[in-house]
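As the structure is a prediction and not an experimental result, all values here were calculated from the model. In what follows, chains carry the letters A, B, and so on, assigned in the order in which the sequence lines appear, proteins first and then strands, with residues in each chain numbered from 1. Computed from heavy atoms alone, side chains included, the values below leave out hydrogens, waters and symmetry copies.
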Number of protein chains: 4
Amino acid sequence: DQPFTLFGGLNVLEDRDLALSVAEQFVKVTEALKIPYVFKASFDKANRSSISSFRGPGLDEGLKILQEIKQTFNVPVITDVHEPYQCQPAAEVADVIQLPAFLSRQTDLVIAMAKTGAVINIKKAQFLAPHEMAHILRKCEEAGNDRLILCERGTSFGYNNLVVDMLGFGIMKQTGYPVIFDVTHALQKPGGRLDSADGRRAQVTDLARAGLSQKIAGLFLETHPDPDNAKCDGPSALPLTQLKPFLEQMKAMDELVKSLPELTTG
Amino acid sequence: DQPFTLFGGLNVLEDRDLALSVAEQFVKVTEALKIPYVFKASFDKANRSSISSFRGPGLDEGLKILQEIKQTFNVPVITDVHEPYQCQPAAEVADVIQLPAFLSRQTDLVIAMAKTGAVINIKKAQFLAPHEMAHILRKCEEAGNDRLILCERGTSFGYNNLVVDMLGFGIMKQTGYPVIFDVTHALQKPGGRLDSADGRRAQVTDLARAGLSQKIAGLFLETHPDPDNAKCDGPSALPLTQLKPFLEQMKAMDELVKSLPELTTG
Amino acid sequence: DQPFTLFGGLNVLEDRDLALSVAEQFVKVTEALKIPYVFKASFDKANRSSISSFRGPGLDEGLKILQEIKQTFNVPVITDVHEPYQCQPAAEVADVIQLPAFLSRQTDLVIAMAKTGAVINIKKAQFLAPHEMAHILRKCEEAGNDRLILCERGTSFGYNNLVVDMLGFGIMKQTGYPVIFDVTHALQKPGGRLDSADGRRAQVTDLARAGLSQKIAGLFLETHPDPDNAKCDGPSALPLTQLKPFLEQMKAMDELVKSLPELTTG
Amino acid sequence: DQPFTLFGGLNVLEDRDLALSVAEQFVKVTEALKIPYVFKASFDKANRSSISSFRGPGLDEGLKILQEIKQTFNVPVITDVHEPYQCQPAAEVADVIQLPAFLSRQTDLVIAMAKTGAVINIKKAQFLAPHEMAHILRKCEEAGNDRLILCERGTSFGYNNLVVDMLGFGIMKQTGYPVIFDVTHALQKPGGRLDSADGRRAQVTDLARAGLSQKIAGLFLETHPDPDNAKCDGPSALPLTQLKPFLEQMKAMDELVKSLPELTTG
C-alpha cells in the first residue's frame with residue numbers, strides 16, 4: 001500500500017539531448033509531486049514491423065546515455081534486453097532490466113536476466129492469461145532471482161486490438177510480487193498503421209485511471225514532446241506537456257484507492 | 001459530472017418479503033450516503049440455461065411487488081422486459097425499463113419500449129462493439145424516445161469469459177447519452193457452472209472501482225443477503241452485508257474522478 | 001454419414017416473384033446433383049441495425065409465399081421465428097422452424113417452438129461455446145421435442161469479426177444431433193458497414209469447403225441473383241449464378257470426407 | 001496446385017534412436033503415398049513453461065542427429081532457431097530453418113535467418129492477423145531472401161485457447177508465397193496443464209482435413225510413438241501408429257480440393 005512508482009520516459013533513445021531533456025522534466029515533475037521515479041528508455045527496438053524502422057542507438061551507445069542520465073539526475077533507470085548477451089552489460093547500468101512481452105517465454109533470456117541480480121520487470125505477453133505469469137516468476141526464482149515485477153500491457157482481442165482485463169491485476173497480485181501497468185503499450189492498436197502500430201493516446205488518462213484504481217505498485221508511461229513526430233509508438237505516447245497534470249491525477253487516484261479498505265465479498 | 005446514480009437491488013424478485021427487505025436496506029444506505037437510487041429487480045429471467053431454473057413471479061405479480069416497493073420507499077424502480085406486450089404494463093410501474101443485452105437488436109421490442117415514453121436502459125450486447133451502440137440509440141430516437149441510458153456489462157472474450165474494455169466507456173460517452181456500468185453481470189463467467197453462469201464476486205469491488213474511474217453516470221449492482229443460496233446469479237452478487245462499505249468506496253471514487261480535469265492528449 | 005442436406009435460398013423474402021425464381025433454380029440444381037433440399041427465406045428481419053432497414057413481408061404474407069413455394073416445387077421449407085406467437089402459424093407451413101442465434105437462450109420462444117412438433121434448427125449464438133448448446137437441446141427435449149438440428153454460424157472474435165472454430169463441429173456432433181453449417185452468416189463482419197453488416201462472399205467457397213470437411217449433416221446457404229442490390233446481407237450472399245458449380249464442389253467434398261474412416265488418435 | 005508437402009516428425013529430438021526410428025517410418029509411409037517429405041524436429045525447446053522442462057540435445061548434438069537422418073534417408077530436414085548465432089550452423093544442415101511464432105517479430109533473428117540463404121518457414125504468431133504477415137515477408141525480402149513459407153498455427157482466442165481462422169489461409173495465399181498448416185500446434189490449449197500446454201489430439205484428423213480443404217502448400221505435423229510419454233507437447237501429437245491412415249486421408253483431401261475450380265463470388 002505504498003505510493004505507486006513511475007517508470008517513465010521515452011519509447012526509444014532517439015538521441016542524447018532529447019533523452020536528457022525528457023529525463024529532466026520527469027525528474028522535476030516527480031520531485032514536485034513526490035512520486036518515486038525510474039527513467040525508462042530502450043536502446044534498441046528489436047521487433048519493429050519494418051526492417052527500415054528506426055531502432056535506436058544500440059547497446060553501447062544507449063547504455064552510455066542511460067549512465068549519463070543516471071548520474072546527472074541521480075535516478076534509477078530501466079531498459080529492456082532482447083538477447084542473453086545484453087543482460088550483463090545492461091544490468092551494470094540499469095537498476096531494472098525488462099523482459100519484453102513477446103520474449104517472456106524464452107528460457108535462456110530469462111535465466112541470463114535473473115543471473116545479473118538486477119530487478120526484472122516482466123511484461124505479460126499478449127497471449128498469456130494472468131495466472132500463467134506464475135510460470136515465468138518461478139523460472140526467475142529457480143535461476144536465483146526474486147526481485148521481480150509483473151507488468152500488464154494488454155491482451156490480444158481479435159485481430160489488431162488489445163484489451164486490458166482489469167480482473168487480471170488482482171490475479172497477478174496474488175503472486176505476492178509487485179504488479180505495474182504499462183498504459184502506453186496497452187493503448188496500441190497492433191498493425192493499425194501501414195508500417196507500425198496505431199495507438200489511442202487521446203484515451204491515455206482514462207485508461208491510466210482505470211489501472212491505478214486497482215491498487216497497483218507502479219505505472220509505466222512513455223511520453224514524447226512531439227508524439228506525431230516520435231520515431232516509435234507516437235500514437236500511444238503522452239504528450240510531454242501534459243505530464244504534470246496527468247501525474248497529479250494519478251497521484252490523487254492512487255492515494256484514494258490505497259486508503260480504501262479491502263472488502264470480503266467472495 | 002453529477003454524482004453517479006445507483007441502480008441496485010436483486011437479480012430476480014425471489015419473493016415479496018425479500019424484495020422489500022433488500023429495498024429497505026438500499027434506501028437506508030443510499031440516503032445516508034446521498035446517492036441517487038433506483039431499485040432494480042427482474043420479474044422474469046427469460047433466458048436461463050435450464051428450463052427448470054427459477055424464473056421469478058412473472059409480469060403481473062412482479063409489477064405488484066415493484067409497485068409496493070415504489071410506494072413504500074418512494075424510490076423509482078427499473079425492471080427488464082423481454083417481449084413487446086410487456087412494455088406498456090411494465091412502464092406503468094417502472095420509471096426505467098431495460099432492454100436485455102441478448103435482445104438489444106430486436107427492433108419490435110426496441111420500438112415498443114420507446115413508445116412507452118419511459119426511460120430506457122440499453123444493455124450493450126456481449127457481441128457488440130461500443131461504437132455500434134449508436135445504431136440502437138438511433139432506433140429509439142426514430143421511435144420517438146430520447147430518454148436513453150447505455151449500460152456496459154462486458155464483452156465476449158473467447159469461450160465462457162467476459163472482459164470489460166475500459167476504453168468503451170469513453171467511446172459510448174461520445175454519444176452524449178449517460179453511460180452506466182453493470183458490474184455484476186460483467187463478473188459472470190457464462191456457462192461456467194453445470195447449469196448456469198459462474199461469477200467472480202470476490203472481485204466486485206475491484207471491477208466497480210475501475211468502472212467508476214471512467215467518470216460514468218451510474219452503477220448497476222445486484223446483491224443478495226445470501227449469495228450462495230440466491231436463485232439466480234449468486235456467484236456474481238455482492239453480499240448485502242457489504243453494501244454500505246462498498247458504496248462508500250464508490251462514492252469516494254466518483255467524487256474524486258469527477259473533480260479531475262479532462263486532459264487533451266490526442 | 002448420409003449426404004448433406006442443403007438449406008438454401010434467400011436471406012429475406014424480398015418479393016414473391018424473386019422467391020419463386022430463386023426456389024426454382026435451387027430445385028433444378030439440387031435435383032440434378034441429387035442433393036436433399038429445403039428452401040430457406042425469412043418473412044421478417046427482426047434485428048437489423050437500422051429501424052428503416054427492409055424487414056420483409058411479415059408473417060402472413062411471408063407464409064403465403066412459402067406455402068406457394070412448397071406446393072409449386074414440392075420441397076420442404078425453413079423459416080425463422082422471433083416471438084412465441086409466430087411459432088404455431090409458422091409451423092403450419094414450414095417443415096423446419098429456426099431459432100435465431102441472438103434469441104437462442106429465450107426460454108419462452110424455445111418452448112413455443114418445441115411445442116409445434118416441427119423440426120427446430122437451433123442457431124448457435126455468437127457468444128456461446130459449442131459445449132453450451134447442450135443446454136438448449138435439453139430445453140427443447142424437456143418441452144417435448146427431440147427433432148433438433150444444431151447450426152454453427154461463427155463466434156464473436158474481438159469487435160466486428162466472427163471466426164468459425166472448426167473444432168466446434170466435433171464437439172456439437174457428440175450430442176448425437178445433426179449439425180449443419182450456416183456459411184453465409186459466418187462470413188459476416190458485424191457492424192462492418194455504416195448501417196449494416198459487411199461480408200466476405202469472395203471467400204464463401206473456401207469457408208464452405210472447410211465446413212463440409214467436418215462430416216456434417218447439412219449446409220445453410222443464402223444466395224441472391226444480384227448480391228450488391230440485395231435488401232439484406234448481400235455482402236455475404238453467394239451470387240446465384242455460381243450455385244451449380246458451388247454445389248458440385250460441396251457434393252464432391254461431402255462424398256469424399258464421409259468415405260474416410262474415423263481414426264482413433266485421443 | 002501441386003500436391004502438398006509434409007513437414008513431419010517429432011516435436012523435439014528426445015534421443016538419436018527415437019529420431020531415426022520416427023524418420024524411418026515417415027519416409028516409408030510418404031514414399032508409399034508419394035507425398036513430398038521434410039523431416040522435422042527441434043534441437044532445443046527454448047520457451048517451455050518450466051525451467052526444468054526437457055529442452056532437447058542442444059544445437060551441436062541436435063544438428064548431428066539431423067545430419068544423420070538427412071544422409072541415412074536422403075530427405076531434407078527442417079528445424080527451428082531461436083537466436084541469431086544459431087542460424088548459420090543450422091542452415092548448414094537444415095534445408096529449411098524455422099522462425100518461431102513468438103519470435104516472428106525479432107528483426108535480428110529474421111535478418112540472420114534470411115542471410116543464410118536457406119528456405120525460411122515463418123510461423124504466424126498467435127497475436128498477429130493474417131494480413132500482418134506481409135511485414136515479416138518484406139523484412140526477409142529486404143534482407144535478401146525470398147525463399148519463404150508462411151505457416152498458420154492458430155490465433156489467441158480468449159485465455160488458454162487457440163482458434164484457426166480458415167479465412168486466414170486465403171488472405172496469406174494472396175502474398176504469393178506458399179502457405180502451410182501446423183495442425184499440431186493449432187491443437188494446443190496453452191497453459192492448459194499445470195506445467196505445460198494441453199492439447200486436443202483426438203481431433204487432429206478433423207482439424208487437418210479443414211486445413212487441407214483450403215488448397216494449401218503443405219502440412220506440418222508432429223507425432224510420437226507414445227504421446228502420453230512424449231517429452232514435449234504429447235497432448236497435441238498424432239500417435240505414430242496412425243500416420244499412414246492419417247496421411248491417406250490428407251492426400252485424398254488434397255487431391256480433391258486442388259482439382260476443384262476457383263469460383264468468382266466476390
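Within the 4.5 angstrom heavy-atom criterion, only side-chain atoms of Glu132(B), from C-beta onward, approach chain C. The part of Thr155(B) that comes within reach of chain C is its side chain, from C-beta onward, which places non-hydrogen atoms under 4.5 angstrom from that chain. Heavy atoms of Leu137(B) lying under 4.5 Å from chain C are absent altogether. The parts of Ala143(B) that come within reach of chain C are both its backbone and its side chain, each placing non-hydrogen atoms under 4.5 angstrom from that chain.
Comparing Asp44(C), Asn47(C), Asn160(C), Val110(C) by heavy-atom pairs within less than 4.5 Å of chain B, the highest count is held by Asn47(C). Ranked by heavy-atom pairs under 4.5 Å with chain C, the first of Ser53(B), Cys140(B), Pro84(B) is Pro84(B). Counting heavy-atom pairs closer than 4.5 Å to chain C, the top-ranked of the candidates Leu128(B), Thr107(B), Val163(B), Leu109(B) is Thr107(B). The most heavy-atom pairs under 4.5 Å with chain C, out of Ile111(B), Ile136(B), Asp195(B), come from Asp195(B). The most heavy-atom pairs under 4.5 Å with chain C, out of Pro100(B), Pro130(B), Ser156(B), come from Pro130(B). Of the listed residues (Lys45(C), Glu83(C), Gln126(C)), the one with the most heavy-atom contacts under 4.5 Å to chain B is Glu83(C).
A donor atom on one side chain and an acceptor atom on the other are not found under 3.5 Å apart for His82(B) and Asp108(C).
Looking at heavy atoms from C-beta onward, Arg138(C) lies out of side-chain contact with Ser49(B) at the 4.5 angstrom threshold. With a 4.5 Å cut-off on side-chain heavy atoms, Gln106(B) and Leu103(C) count as touching.
For Lys215(B), the NZ atom is densely surrounded, since the number of other residues' heavy atoms within 6.0 Å is greater than 12.
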For Phe102(C) and Phe102(B): C-alpha separation, side-chain torsions, deciding distance, then whether side-chain contact (heavy atoms from CB on, under 4.5 Å) applies.
CA-CA 6 Å; Phe102(C) 291 159; Phe102(B) 291 158; 5.6 Å; no
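Under a 3.5 Å cut-off, the side chain of Lys139(C) and the backbone N or O of Ser52(B) do not form any donor-acceptor pair.
Of the inter-residue distances, the one linking Phe157(B) atom CZ with Phe157(C) atom CZ reads 10.0 Å to the nearest 0.5 angstrom. A distance of 10.5 Å separates CZ in Phe127(C) from CG in Leu162(B), rounded to the nearest 0.5 Å. Atom-to-atom distance recorded for Arg48(C):CZ and His135(B):NE2 is 11.0 Å, nearest 0.5 angstrom.
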